[in-house]
Asker: 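One structure is given below, represented as structure tokens, and several questions about it will come after.
These values consider heavy atoms only, across backbone and side chains, with no hydrogens, waters or symmetry-generated copies.
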Amino acid sequence: MRGENVTQVSAFILVGFPTAPRLQYLLFLLFLLTYLFVLVENLAIILTVWGSPSLHRPMYYFLGSMSFLELWYVCDIIPKMLDGFLLQRRRISFVGCMTQLYFFSSLVGTECVLLASMAYDRYVAICHPLHYQAIMTTGLCVQLVAFSFMSGFTVSVIKVYFISSATFCGSNVLNHFFCDVSPILRLACMDYSTAELVDFVLAFLILVLLLVATVLSYGHVTLAVLRMPSATGRWRAFSTCASHLTVVTIFYTALLFMYVRPQAIDSRSSNKLISAVYTVLTPIINPLIYCLRNKEFKGALKMALGFG
């Protein structure tokens with residue numbers, strides 16, 4: 001690019017889900033209903049945990065924090081999608097794109113730490129039941145939640161700084177429905193190896209190491225459950241972990257598929273669908289997975305709604 005005039009890109013065009021105009025209105029309605037449903041169900045969980053003294057325990061504090069996180073996910077991604085579907089306004093400023101990327105990246109990192117913290121909570125509950133209340137105090141729970149958000153939002157500052165420092169002077173068409181790392185870097189017109197390396201190292205530290213920590217916690221839990229003499233005790237112990245294991249499996253499967261494989265995001269629509277799993281679908285199903293099988297929470301919810 002030496003010797004040429006370089007015009008810095010000031011905005012990007014989000015391709016989204018290109019379809020016929022009528023289908024765009026259908027997608028708008030679908031995602032609007034999804035957005036409202038996520039808001040209602042996660043707010044219901046937060047308010048139920050907050051207003052029910054019987055749920056003022058570490059496990060439910062974590063569930064409330066997870067619901068708060070899910071609200072941030074959809075509020076970061078879906079409003080711009082709805083704008084594109086209904087009004088066909090697919091332009092997003094450079095600053096707006098980096099802001100969306102920062103919050104999305106921060107939320108992913110926060111969720112990784114939060115899921116590892118929840119795995120530790122289950123490890124203590126099953127492997128050290130007699131010491132659970134002494135170890136998993138309200139203070140420790142608050143510290144773990146605070147650390148989850150602080151680490152996620154701090155690490156993302158470094159990532160977004162290097163990505164925003166890259167030079168974008170060619171095409172500004174972003175083949176995605178939101179600002180994500182790989183499609184943004186594909187538009188860089190100069191060397192972005194430093195930004196790519198920083199992103200890889202941080203992704204490894206956050207995704208892989210925390211996944212290993214989560215797996216180790218559940219490895220110890222599995223051994224402890226298998227050593228239980230009672231079949232009823234084994235089933236009860238397993239049922240307390242099943243919901244969290246399901247959420248961890250869905251989250252990391254989608255995430256590893258997108259970011260650990262080579263050329264994580266390309267022009268194929270399947271990649272957008274995978275992205276939609278952890279940006280739109282998981283905020284819907286996570287509360288259902290956690291709460292539908294939890295009799296204590298359902299009882300508290302009924303009491304909060306006046307049906308108890």
Asker: Can any side-chain N or O of T154 pair as donor or acceptor with the backbone N or O of S151 at less than 3.5 Å?
Answerer: no
Asker: Side chain of N42, backbone of L71: donor and acceptor closer than 3.5 Å?
Answerer: no
Asker: Checking H56 side chain against V49 main chain: does a donor-acceptor pair fall under 3.5 Å?
Answerer: yes
Asker: Would a hydrophobic clustering, with Ile, Leu, Val, Met, Phe, Trp and Tyr connected at side-chain separations under 4.5 Å, put M59 with L47?
Answerer: no
Asker: Measure the shortest side-chain to side-chain distance between Y132 and P58 over non-hydrogen atoms and say whether it is less than 4.5 angstrom.
Answerer: yes
Asker: Is the shortest heavy-atom distance from the side chain of I184 to the side chain of F168 under 4.5 Å?
Answerer: yes
Asker: Assigning hydrophobic clusters by single linkage (Ile, Leu, Val, Met, Phe, Trp, Tyr; side-chain heavy-atom cutoff under 4.5 Å), is V40 placed with I77?
Answerer: no
Asker: Within the distance-only criterion (no hydrogens, no angle test), does the side chain of Q100 pair as donor or acceptor with the backbone N or O of D180 below 3.5 angstrom?
Answerer: no
Asker: Over 60° means perpendicular and under 30° means parallel, so tell me whether F153 and Y102 are parallel, tilted or perpendicular.
Answerer: perpendicular
Asker: Quick one, Y73 and E111 - any side-chain contact, counting heavy atoms below 4.5 Å?
Answerer: yes
Asker: Let me confirm one number: the CG-OG distance from L174 to S182, rounded to the nearest 0.5 Å.
Answerer: 10.5 Å
Asker: Does any part of the side chain of T279, heavy atoms only, come nearer than 4.5 Å to the side chain of F177, both counted from C-beta?
Answerer: yes
Asker: Please work out which of the three classes, parallel, tilted or perpendicular, describes the rings of H131 and H128, given edges at 30° and 60°.
Answerer: perpendicular
Asker: For the residue pair F178 and L14, establish whether any side-chain heavy-atom pair is separated by less than 4.5 Å.
Answerer: no
Asker: Where do A300 and L55 come nearest, in terms of heavy atoms and distance?
Answerer: CB-CD1, 3.6 Å
Asker: How long is the span from the CE atom in M81 to the CG atom in L30, to the nearest 0.5 Å?
Answerer: 9.0 Å
Asker: To the nearest 0.5 Å, tell me how far S52 OG sits from R57 CZ.
Answerer: 11.0 Å
Asker: How far does OG of S275 sit from CG of L281, to the nearest 0.5 angstrom?
Answerer: 12.5 Å
Asker: Looking at I284, is its backbone amide N or carbonyl O close enough to the side chain of E70 to form a donor-acceptor pair, meaning the two atoms are under 3.5 Å apart?
Answerer: no
Asker: At what distance, to the nearest 0.5 angstrom, does CZ of F149 lie from OG of S106?
Answerer: 10.5 Å
Asker: Quick check: do T34 and F37 have side-chain heavy atoms less than 4.5 Å from each other?
Answerer: no
Asker: Check the hydrophobic clustering (I, L, V, M, F, W, Y; side-chain heavy atoms under 4.5 Å; chains of links allowed) and say if L87 and Y35 are grouped together.
Answerer: yes
Asker: Would you say F94 ends up clustered with I13 if hydrophobic residues are merged whenever their side chains have heavy atoms under 4.5 Å apart, either directly or through other cluster members?
Answerer: no
Asker: Indicate if L26 and L86 have the same hydrophobic cluster label, given that clusters are the connected sets of ILVMFWY residues with side-chain heavy-atom separations under 4.5 angstrom.
Answerer: no
Asker: Enter the distance from Y60:OH to F297:CZ here, rounded to the nearest 0.5 Å.
Answerer: 8.5 Å
Asker: Do S117 and F62 make a side-chain contact, defined as non-hydrogen atoms from C-beta onward lying under 4.5 Å apart?
Answerer: yes
Asker: Within the structure provided, determine whether M66 and L115 are in side-chain contact (heavy-atom separation under 4.5 Å).
Answerer: yes
